[in-house]
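Before any comments, here is the structure.
This one's a predicted model, so the numbers in the text were calculated from it and none came from an experiment.
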Amino acid sequence: MQVRRARPGDGAGMARVHVAAWRAAYQGIMTDDRLAGLSERTFAQRWESIVTSPGEVRNFVVERDRQIVAIGSAGPPRQPVPAGEVHMVNVHPDAWGTGAGTAMLERLQDELRTLGYTSAYLWVADGNQRAITFYANRGWSPDGEVMDDERESPPLRELRYVQEL
């Protein structure tokens, strides 16, 4: 397994992971229609645009056998808090339990340290027990903050987890 910065040309592989991860992880949390309507093509275009545009958020992939199996992003916080943010970690369901998620999370935490952060936070969907357990087993803990992500319909309830770096 190799963790590396995302680069131009990774959009399709990143989209494949993103869509498959959401369809598996958000079953019963998001509506079936929303999950069925996820488009790899749309996500690929979005990821390709993100990867080729300069920005403060750092995007990474995990490759195994020359296939992207996990994606993640970290950088400055979207909220006014003195902590870095793990914006996302998504692992293709075929790679669950292989260490790809742990490798990604560790790389994102290292990146936040490099950026000068001493603590970090992330949001996890309420009801995504697999992700909640994953983060808890790696030292992350809920701080009681809750957010409704209004970009989803119905809004997606998310719980904030924090960790000292």
Side-chain angles (χ1 to χ4, degrees), residues 6 11 14-51 53 55-62 68-93 95-96 100-102 104-109 111-113 115-165:
M14 295 174 80
R16 184 181 65 80
V17 169
H18 203 156
V19 169
W22 275 34
R23 284 184 176 153
Y26 291 126
Q27 198 74 21
I29 298 170
M30 291 179 154
T31 66
D32 291 344
D33 287 346
R34 172 71 171 113
L35 295 174
L38 296 174
S39 164
E40 281 190 28
R41 189 165 139 204
T42 300
F43 273 72
Q45 291 170 344
R46 187 177 308 146
W47 274 117
E48 201 61 36
S49 175
I50 289 168
V51 168
S53 303
E56 293 184 308
V57 174
R58 312 282 174 90
N59 300 290
F60 295 87
V61 300
V62 175
I68 294 174
V69 297
I71 59 176
S73 303
R78 291 177 283 179
Q79 298 181 314
V81 297
E85 181 175 359
V86 172
H87 293 270
M88 58 160 277
V89 173
N90 283 295
V91 179
H92 195 284
W96 286 355
T102 299
M104 176 58 74
L105 185 60
E106 288 173 356
R107 180 63 184 95
L108 296 175
Q109 290 173 220
E111 190 68 19
L112 291 174
R113 284 186 200 93
L115 293 171
Y117 294 103
T118 58
S119 61
Y121 73 95
L122 57 81
W123 293 98
V124 62
D126 190 13
N128 186 348
Q129 197 55 50
R130 181 179 194 89
I132 289 168
T133 300
F134 172 81
Y135 293 121
N137 287 343
R138 284 150 189 85
W140 292 77
S141 57
D143 69 354
E145 288 294 317
V146 176
M147 170 180 71
D148 289 327
D149 186 344
E150 302 287 339
R151 296 174 296 181
E152 297 298 331
S153 181
L156 181 64
R157 169 70 39 111
E158 294 183 298
L159 313 172
R160 189 167 71 184
Y161 275 64
V162 297
Q163 184 180 73
E164 295 301 313
L165 298 172

One should read off an interatomic distance between Leu122 CG and Leu105 CG, to the nearest 0.5 angstrom, of 7.5 Å
Without swapping roles, check the side chain of Arg160 against the backbone of Tyr121 for a donor-acceptor pair under 3.5 Å. no
Do Arg23 side-chain atoms and Leu38 backbone N/O form a donor-acceptor pair below 3.5 Å? yes
Shortest non-hydrogen contact between Trp47 and Ala15, atoms and distance: CD1-N, 4.1 Å
Name all residues meeting the ring-ring contact (aromatic ring centres under 6.0 Å, His included) criterion together with Tyr117; count only those two or more places apart in sequence or in a different chain, and write none if there are none. none
Side-chain (Trp96) to main-chain (Val91) donor-acceptor, under 3.5 angstrom: yes
Is a donor on one side and an acceptor on the other found under 3.5 Å between the side chain of Gln163 and the backbone of Tyr135? no
Can you tell me how far apart CG (Leu112) and CZ (Arg107) are? Round to the nearest 0.5 Å. 9.5 Å
Do Thr118 and Leu165 come close enough that some side-chain heavy atom pair is under 4.5 Å? no
Would you call Thr31 and Ser153 a side-chain contact if the rule is heavy atoms closer than 4.5 Å? no
Hey, what do you get for CD (Glu85) to CE (Met88), rounding to the nearest 0.5 Å? 11.5 Å
Note: Ala20 and Pro93 closest approach over all heavy atoms is O-CG, 3.5 Å
Residues two or more places apart in sequence or in another chain: which of them pass salt bridge (Lys or Arg N to Asp or Glu O under 4.0 Å) with Glu152? Arg34
Do Met14 and Val51 come close enough that some side-chain heavy atom pair is under 4.5 Å? yes
Going from CG on Asp126 to CG on Asp148, what distance comes out if it is rounded to the nearest 0.5 angstrom? 9.5 Å
Indicate yes or no: at least one non-hydrogen side-chain atom of Tyr161 is less than 4.5 angstrom from one of Arg138. no
For His18 and Glu40, indicate whether the former's side chain and the latter's backbone hold a donor-acceptor pair under 3.5 Å. no
Does the side chain of His87 reach to within under 4.5 Å of the side chain of Arg78, using non-hydrogen atoms? yes
Non-hydrogen side-chain atoms of Asp149 and Trp123 separated by less than 4.5 Å: no
Look at the side chain of Thr133 and the backbone N and O of Gln129, then say whether any donor-acceptor pair between them is shorter than 3.5 Å. yes
Could you walk me through whether Val124 and Phe134 pass the side chain to side chain contact (heavy atoms under 4.5 Å, CB included) test, one step at a time? CA-CA 11 Å; Val124 62; Phe134 172 81; over 6 Å; no
First locate atom CE of Met104, then atom CG of Asn90, and finally report the distance between them rounded to the nearest 0.5 Å. 9.5 Å
Considering non-hydrogen atoms only, spot the tightest contact between Leu35 and Met30 and give its length. CD2-SD, 3.8 Å
Rounded at 0.5 Å granularity, tell me how far CG in Leu108 sits from CG in Asn59. 9.0 Å
